[in-house]
Protein chains: 2
Amino acid sequence: MPAPKTQTLQRQEQIVQAALELINDSGVTGLSIAGIAQKVGIVPSALYRHFTSKDAVLDAVLDLIQQRLMANVAHVREQTPVPLQQLKQLFTRHAGLLNENQAIPHVVFSDAVYTGLPDRRARVAQIIFTYLQEIQAIIASGRQDGTIRKDVVPATAAVMFLGLIMPAAVLWNVSGGNFDMAAHEKSAWPAYERSIAAQNPKEAS
Amino acid sequence: MPAPKTQTLQRQEQIVQAALELINDSGVTGLSIAGIAQKVGIVPSALYRHFTSKDAVLDAVLDLIQQRLMANVAHVREQTPVPLQQLKQLFTRHAGLLNENQAIPHVVFSDAVYTGLPDRRARVAQIIFTYLQEIQAIIASGRQDGTIRKDVVPATAAVMFLGLIMPAAVLWNVSGGNFDMAAHEKSAWPAYERSIAAQNPKEAS
DNA sequence: AAGAATTGTGATTCACAATTCACATTATAT
DNA sequence: ATATAATGTGAATTGTGAATCACAATTCTT
C-alpha cells in the first residue's frame, strides 16, 4: 500500500530527521537514500520529490545542526547575564547536545565534508567559526566587566572551550560510551574557569 | 610493462605509506584499492598479494599512527625530565604531527571506524587511551615532584591537553589552512600551564 | 639449470547505491 | 466535477569499487 501523500514541507522535516538519526547510528557512511526512505516510510525514488539529491539532504542536516548550536547560545544568554555563568551553562548544554546527537561530530569530522562539493567544507567552517565567535563574544564581555582576566586572549580561550568537550566526546564515542563524561564535566570546568577567571573567591592554594 | 617484483615487506610499507597519503588528501572515503595501487605503481589486484583486504590495510595504517604517537612521547621523555617541559614539547610535537598528517584526525574521526569490523572501534579507543595514559603519567609525575598543583585531576588534565590541539586541528582542517595555528599554540600553552602549574614564578595579576 | 615459490597482470564477477523515468494515485484549484 | 499539480511506486539504468581467478613473469632454492 502506498504511503499517504504528505506535503513536501513535512516530508522534508521527516527526511532530515531520519537522516540525522541514521548518521547518529552509523555515521555519514551509513547515510543512504534507501535507509532514509525506509525510516520515513516511503520508497527511495519518492525521496526525490522532496530533495534533488543526497547532497541536498546533507545540506539540510547541516542547517539543522547549525540551528541547534545557535539555539544553545541563545538559551544561555537568556538564562543569565553573567559571562562565566553563560559559559558554564553552555559547556553543559553543548556536551549534552553532542552526546545525544553524535551525528554532529560525525558530520563535522566526516570526510564527506571534504570529498563532496567544495562548498561543503566552507559551509562547515562557517558554522564552526560562527559558533566560536559567539563564545568569543561571551569571553570578551567577561573581560569587559572584569570577571575574566585581561591577559586572556578571547580567540584562544574560545578554542580551548571547544577543547573542553571535543576530546571528551570523541572518547565517549570511540569507547562505546565507556567514558565517564559526567566526571569529566565536573572536573574540567573548574580547571578551565581557573585558567580564565579574574579571581577565585577565597581559593588560593 | 609490469612493475618490478618487490618483496612483500617493502611493498607493505609502500602500500601503507600510499594509503596514509591518500587519506591525508581525501579522507578515508578517498582510500581505494585502485588509488593505492596507482600510487605504488602496481595494478589493483596485485595489492592482494600483500594484504588480504582493504580492512587489513587500514589496520596497518592504524599501527603506523600509533607508532608515531608513541614515538613523540618517547622523544620528549628523552629530551627533559621536567614534566611541564615534557608536556610543552609534546604539545608542539603533537600539533605538528596532526598538521603534517591530517590522516590521523581523518582516521580517528572516520566512521569507517564505526562501520567496519566491530574490533576497529575498540582498536582506535585503545590507541587513544594508551596515548592519554602516557600524558596522564607525565602529569602525575609532575604532581609528585610538586611542579603541578595537587588539586589537578590527571585524567581530566590529560583530556584537556588533547583539547588544546584537537579543536585547533579541526579548525585548520575545515578552514583549508586558514587558521593561525602558530598563534594558537603560542597563546594556548600559557593558559593551560596556568591552569595546572603549581605556581607561576612572579606573575600574579 | 629445473622446479617451486613469489609477485604481477587483465578480465571478470559481485554487491551496492544513486538516480531517472513512465505510470498510478491522490489532492487542489477553478 | 474536472483538469491540473503534487506525491508515490516499481523497474531499469548507471557508476563504483572490492575481491577473485587463471595465467604470465620473475626470483629463489638446490
Side-chain angles (χ1 to χ4, degrees), chain A residues 1-19 21-23 25-61 106-107 110-117 120, chain B residues 1-19 21-23 25-61 106-107 110-117 120:
Chain A
M1 102 210 79
K5 286 199 171 190
T6 308
Q7 290 231 336
T8 285
L9 238 117
Q10 297 179 37
R11 278 286 189 239
Q12 283 174 337
E13 280 178 15
Q14 295 174 354
I15 288 169
V16 173
Q17 182 57 36
E21 289 171 15
L22 227 47
I23 297 177
D25 292 346
S26 38
V28 179
T29 310
L31 182 68
S32 71
I33 297 290
I36 298 172
Q38 189 173 2
K39 258 192 196 283
V40 172
I42 57 179
V43 115
S45 57
L47 196 144
Y48 290 87
R49 296 287 178 209
H50 315 293
F51 283 95
T52 63
S53 67
K54 189 182 171 184
D55 275 322
V57 175
L58 241 185
D59 281 334
V61 170
H106 271 149
V107 170
S110 156
D111 31 44
V113 165
Y114 305 93
T115 306
L117 314 175
R120 181 126 39 207
Chain B
M1 98 212 78
K5 286 200 170 189
T6 308
Q7 290 233 336
T8 284
L9 239 117
Q10 297 180 35
R11 277 286 189 237
Q12 283 175 336
E13 282 178 15
Q14 295 174 356
I15 288 169
V16 173
Q17 181 58 36
E21 289 170 14
L22 226 48
I23 297 176
D25 292 344
S26 39
V28 178
T29 310
L31 183 68
S32 71
I33 298 290
I36 299 172
Q38 190 174 1
K39 256 193 197 284
V40 172
I42 58 180
V43 115
S45 58
L47 195 144
Y48 290 88
R49 296 288 178 206
H50 314 293
F51 282 95
T52 63
S53 67
K54 188 183 171 182
D55 276 321
V57 176
L58 241 186
D59 281 333
V61 170
H106 272 149
V107 169
S110 157
D111 31 46
V113 165
Y114 305 91
T115 306
L117 314 174
R120 179 127 38 205

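Letters A, B, ... are given to chains in the order of the sequence lines, protein chains preceding strands, and every chain is numbered from 1. Nothing here was measured: the structure is a model prediction, and the numbers come from that model.
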Colleague: Could you tell me the separation between the CD1 atom of A:I15 and the P atom of D:dT7, rounded to a whole number of Å?
Modeller: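 These atoms are roughly 11 Å apart.
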Colleague: Under 4.0 Å from OP1 or OP2 of D:dA6: is there any side-chain N or O of A:R11 that close?
Modeller: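 False: A:R11 side-chain N/O out of range (4.0 Å or more) of D:dA6 OP1/OP2.
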Colleague: Of B:Y48 and A:S45, whose nearest nucleotide on DNA chain D comes first from the 5' end?
Modeller: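 By nearest-heavy-atom nucleotide position, the 5'-most residue is A:S45.
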Colleague: I need the single residue from B:V16, B:I15, B:I42 that forms a side-chain contact (heavy atoms from CB on, under 4.5 Å) with B:I36. Which is it?
Modeller: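 Of the listed options, the one satisfying the test is B:I15.
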Colleague: Counting only side-chain N and O atoms of B:H50, is one of them less than 4.0 Å from OP1 or OP2 of C:dT6?
Modeller: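 For B:H50, the contact criterion (side-chain N or O under 4.0 Å from OP1 or OP2 of C:dT6) is not met.
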Colleague: Could you check whether A:P4 gets within reach of a base, just the sugar-phosphate, or nothing at all, counting any heavy atom under 4.0 Å?
Modeller: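 Touches sugar-phosphate only.
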Colleague: Could you check whether any side-chain heavy atom of B:K54 comes within less than 4.5 Å of a side-chain heavy atom of B:L47, counting everything from C-beta outward?
Modeller: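 Of all side-chain heavy-atom pairs linking B:L47 with B:K54, none is under 4.5 Å.
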Colleague: Measure from the side-chain heavy atoms of A:K54 and tell me the nearest of D:dG8, D:dT9, C:dT19.
Modeller: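 Output: C:dT19.
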Colleague: From CD of A:Q10 over to P of D:dG8, roughly how many Å is that when rounded to an integer?
Modeller: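 Between P of D:dG8 and CD of A:Q10: 11 Å.
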Colleague: Let me know the distance between CZ of B:R49 and P of D:dA19, rounded to the nearest Å.
Modeller: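 That distance rounds to 15 Å.
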Colleague: Round to the nearest Å and state the distance from A:I42 atom CD1 to C:dA24 atom C1'.
Modeller: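 Distance, rounded to whole Å: 16 Å.
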Colleague: Any heavy-atom pair between the side chains of B:R120 and B:D55 that's under 4.5 Å?
Modeller: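 Yes; the side chains approach each other to less than 4.5 Å.
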Colleague: Let me know the distance between CD of B:Q12 and P of C:dG8, rounded to the nearest Å.
Modeller: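 My rounded result for the distance is 11 Å.
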Colleague: When you get a sec, tell me which of D:dA19, C:dT9, D:dG8 is the closest nucleotide to the side chain of B:A46?
Modeller: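 The answer is C:dT9, which lies nearest to the side chain.
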Colleague: Suppose we screen for side chain to side chain donor-acceptor pair (under 3.5 Å). Which residues come up paired with B:Q12, at least two apart in sequence or across chains?
Modeller: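 Applying side chain to side chain donor-acceptor pair (under 3.5 Å) to B:Q12 gives none.
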Colleague: For the OG atom of B:S32 and the CG atom of B:L22, what is their distance to the nearest 0.5 Å?
Modeller: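 The OG atom of B:S32 sits 6.0 Å away from the CG atom of B:L22.
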Colleague: Check each of B:L31, B:T29, B:V28, B:L58 against B:S110 using the side-chain contact (heavy atoms from CB on, under 4.5 Å) test, and report the only one that passes.
Modeller: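 Only match with B:S110 under side-chain contact (heavy atoms from CB on, under 4.5 Å): B:V28.
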Colleague: Pairing donors with acceptors under 3.5 angstrom, does anything connect the side chains of A:E21 and A:Q17?
Modeller: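 A:Q17 and A:E21 do have a side-chain donor-acceptor pair below 3.5 Å.
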Colleague: Show your reasoning for whether side chain to side chain contact (heavy atoms under 4.5 Å, CB included) applies to B:R49 and B:T8.
Modeller: CA-CA 8 Å; B:R49 296 288 178 206; B:T8 284; 5.6 Å; no
Colleague: Going by number, which of residues 28-38 of chain A have a non-hydrogen atom under 4.0 Å from DNA chain C?
Modeller: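 Those residues whose heavy atoms fall under 4.0 Å from DNA chain C, taken from residues 28-38 of chain A in numerical order, are A:L31, A:S32, A:I33, A:A34.
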Colleague: Can you tell me the distance, in whole Å, between the CG atom of B:D55 and the P atom of D:dA18?
Modeller: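 So the CG-P distance, B:D55 to D:dA18, works out to 11 Å.
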Colleague: Assign a letter to each nucleotide of nucleotides 25-30 of chain D from its 5' end: B, base within under 4.0 Å of a protein heavy atom; S, sugar-phosphate only; -, no contact.
Modeller: BB----
Colleague: Of all the heavy-atom pairs spanning B:S53 and B:Y48, show the shortest one and how long it is.
Modeller: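 Smallest interatomic distance, heavy atoms only, reads CA-CE2, 4.2 Å.
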